[in-house]
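The figures that follow rest on heavy atoms only: side chains count, while hydrogens, waters and symmetry mates do not. Residue numbers begin at 1 in each chain, while the letters A, B, ... track the order of the sequences.
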Amino acid sequence: MYASRNLSKCTKDCLCLFVCPTGATNTETGQIDSSRCLDGCRLCVDACPSKAIFLVMDEYPEPAPKDAASASKMMDLCSSRFAQEKAAAAIAASSDEPGLKKLTEALRQSLRITAEDCAREAGFMLPQSEPVRALMEELESS
Amino acid sequence: MRVMEQNIHESLPVIFSNLQKASEKQQNYDSAEHFGKLSEKYYQDAVSGDLRTIKDMIVTDISSMADIQSLAGENGDRGILRALRWGGKVAAIQKSLIDRYLSKGEALTEGKEIFLCEACGFIFLGNAVPGLCPVCKAPSSRFTKVGK
């Protein structure tokens, strides 16, 4: 686990510079140098008065398994939302009317976000999880 | 090898764009790029689209959400219940915007901007970014402006 800084929350009080034993928090880009960051040290995380620093994990636990029937229904919903996204994209690409173009572009993006949420709740949330590994293996073997 | 379910196969670009975002949050940028490429690889354009057809599909989705909700409730899957709560509200807003465009036409968006909540898909038609997403309570920093 190494530290990372949310630059939009950082108030530049620089407490992280005082506590870091390796100088990893003091960089010209404002981002923490992960190659110098000590695994799991978290001194800067606790010292930060703005809660702008957090730890990024190296390993993630396997998520709770999903009920197969619910997961399948969420995937049906996902593919329906995605079909609508593609229809909205087709309208946005072919329309000359600015209002319709903007509305269908918004719908396209909104539908992708809602479709992604369905895929997440169908079990494809975490890249390091078993359902994703199984999916990748299946795609590679086909 | 088991045959991939049709709904998974059809949704591969969505599954992969979601994993791309997850990898970005984990700051695994190589992995994010890999998933991004896979998302594009499996994407196929629709030939055409029609607003009324989209609207009908949204209505169907809203009723199937009610069925999934009772199943998820029985299983105690609060993650799915959360997705349906947000997704149901967003779907109702998507439908309402289509209805309003179908009745008002181009006047609907005149002099207005469209803002999108990147967390839940909420669409806001107005003049300034909402302070808080009314659907998922994400802060204004999670909103992006659509188009120019």
For this session: Let me know if B/Tyr42 has heavy atoms under 4.5 Å from chain A in its side chain, its backbone, both or neither.
Result: side chain
Seminar exercise, completed: Here the gap from A/Asn6 atom CG to A/Ser50 atom OG, rounded to the nearest 0.5 Å, amounts to 10.0 Å
For this session: Let me know if A/Ala64 has heavy atoms under 4.5 Å from chain B in its side chain, its backbone, both or neither.
Result: neither
Exercise. Checking heavy atoms, do the side chain of A/Ala89, its backbone, both or neither come under 4.5 Å from chain B?
Worked result: side chain
Exercise. Picking from A/Glu105, A/Glu97, A/Lys73, A/Lys66, which has the most non-hydrogen pairs under 4.5 angstrom with chain B?
Worked result: A/Glu97
Problem set entry | B/Leu51, part contacting chain A, at a heavy-atom distance under 4.5 Å | both
For this session: Answer with side chain, backbone, both or neither: which region of A/Ser94 has an atom nearer than 4.5 Å to a non-hydrogen atom of chain B?
Result: neither
Exercise. Does any non-hydrogen side-chain atom of B/Leu12 lie less than 4.5 Å from one of B/Lys41?
Worked result: no
Problem set entry | B/Glu24 with B/Lys21: basic N within carboxylate O range, under 4.0 Å | no
Seminar exercise, completed: In this structure, NZ of A/Lys101 is separated from CZ of A/Arg108 (nearest 0.5 Å) by 12.0 Å
For this session: Please flag which part of A/Asp67 lies under 4.5 Å from any non-hydrogen atom of chain B: side chain, backbone, both or neither.
Result: side chain
Exercise. With a 4.5 angstrom heavy-atom cut-off, which part of B/Lys25 approaches chain A: side chain, backbone, both or neither?
Worked result: neither
Seminar exercise, completed: Which of B/Ser140, B/Cys120, B/Pro139 passes side-chain contact (heavy atoms from CB on, under 4.5 Å) with B/Cys133? It is B/Cys120
Problem set entry | Side chain / backbone / both / neither for A/Met125 at chain B, heavy atoms under 4.5 Å | backbone
Problem set entry | Pairwise distance OG(A/Ser129) to CD(A/Glu62) - rounded to 0.5 angstrom | 5.5 Å
Exercise. Between B/Val90, B/Asp77, B/Asp45, B/Asp67, which has the largest tally of heavy atom pairs under 4.5 Å with chain A?
Worked result: B/Asp77
For this session: Quickly, which of B/Ile15, B/Ile8, B/Val14, B/Asn7 forms a side-chain contact (heavy atoms from CB on, under 4.5 Å) with A/Cys78? Name it, please.
Result: B/Val14
Seminar exercise, completed: Okay, A/Ser72 and chain B: the region with an atom under 4.5 Å from a heavy atom over there is both
Exercise. Of the backbone (N, CA, C, O) and the side chain (C-beta and beyond), which part of B/Leu116 lies under 4.5 Å from a heavy atom of chain A, both, or neither?
Worked result: side chain
For this session: Quick one: which of B/Glu118, B/Gln20, B/Glu110 has the most heavy-atom pairs under 4.5 Å with chain A, could you say?
Result: B/Glu118
Exercise. To the nearest 0.5 Å, what is the distance between CG (A/Leu38) and SG (A/Cys44)?
Worked result: 9.5 Å
Seminar exercise, completed: With chain B, the option among A/Ala88, A/Ala119, A/Ser80, A/Ala69 that has the most non-hydrogen atom pairs under 4.5 Å is A/Ser80
Problem set entry | Atom pair CD1/CD of B/Ile54 and A/Glu85 - distance to nearest 0.5 Å | 10.5 Å
Exercise. Between B/Thr109 and chain A, which part of the residue has a heavy atom less than 4.5 Å away: side chain, backbone, both or neither?
Worked result: side chain
Exercise. Mind checking whether B/Glu33 and B/Tyr29 have side chains closer than 4.5 Å, heavy atoms only?
Worked result: no
Exercise. Between B/Ser23, B/Gly79, B/Ser31, which has the largest tally of heavy atom pairs under 4.5 Å with chain A?
Worked result: B/Gly79
Problem set entry | Selection from B/Thr144, B/Ile58, B/Leu97 maximising heavy-atom pairs under 4.5 Å formed with chain A | B/Ile58
Seminar exercise, completed: One option among A/Pro98, A/Ala122, A/Cys118 has the most heavy-atom pairs under 4.5 Å with chain B, and it is A/Pro98
For this session: Identify which part of B/Phe115 has an atom lying under 4.5 Å from any heavy atom of chain A, answering side chain, backbone, both or neither.
Result: neither
Seminar exercise, completed: So, the part of B/Ala107 with a heavy atom under 4.5 Å from chain A: the answer is neither
Exercise. Checking heavy atoms, do the side chain of B/Asn75, its backbone, both or neither come under 4.5 Å from chain A?
Worked result: side chain
Exercise. Taking the side chain as C-beta and beyond, is there a heavy-atom pair between B/Arg82 and A/Glu121 under 4.5 Å?
Worked result: yes
For this session: Please assess B/Asp56 against B/Arg52 for the test salt bridge (charged side-chain N to carboxylate O under 4.0 Å, His left out), listing each intermediate value before the final yes or no.
Result: CA-CA 6 Å; B/Asp56 293 343; B/Arg52 285 180 181 81; over 6 Å; no
Problem set entry | Largest heavy-atom contact set with chain B, pairs under 4.5 Å, which of A/Leu100, A/Val56, A/Leu77 | A/Leu100
For this session: Would you please test B/Glu10 and A/Lys86 for salt bridge (charged side-chain N to carboxylate O under 4.0 Å, His left out) and show each step?
Result: CA-CA 12 Å; B/Glu10 286 168 0; A/Lys86 293 203 270 192; over 6 Å; no
For this session: Compare all side-chain heavy atoms of B/Lys145 with those of B/Ile114 and state whether any distance is below 4.5 angstrom.
Result: no
Exercise. What part of B/Ser39 gets closer than 4.5 Å to chain A, counting heavy atoms only: side chain, backbone, both or neither?
Worked result: side chain
For this session: Would you mind checking which part of B/Ile123 comes under 4.5 Å of any heavy atom in chain A, side chain (CB onward), backbone (N, CA, C, O), both or neither?
Result: side chain
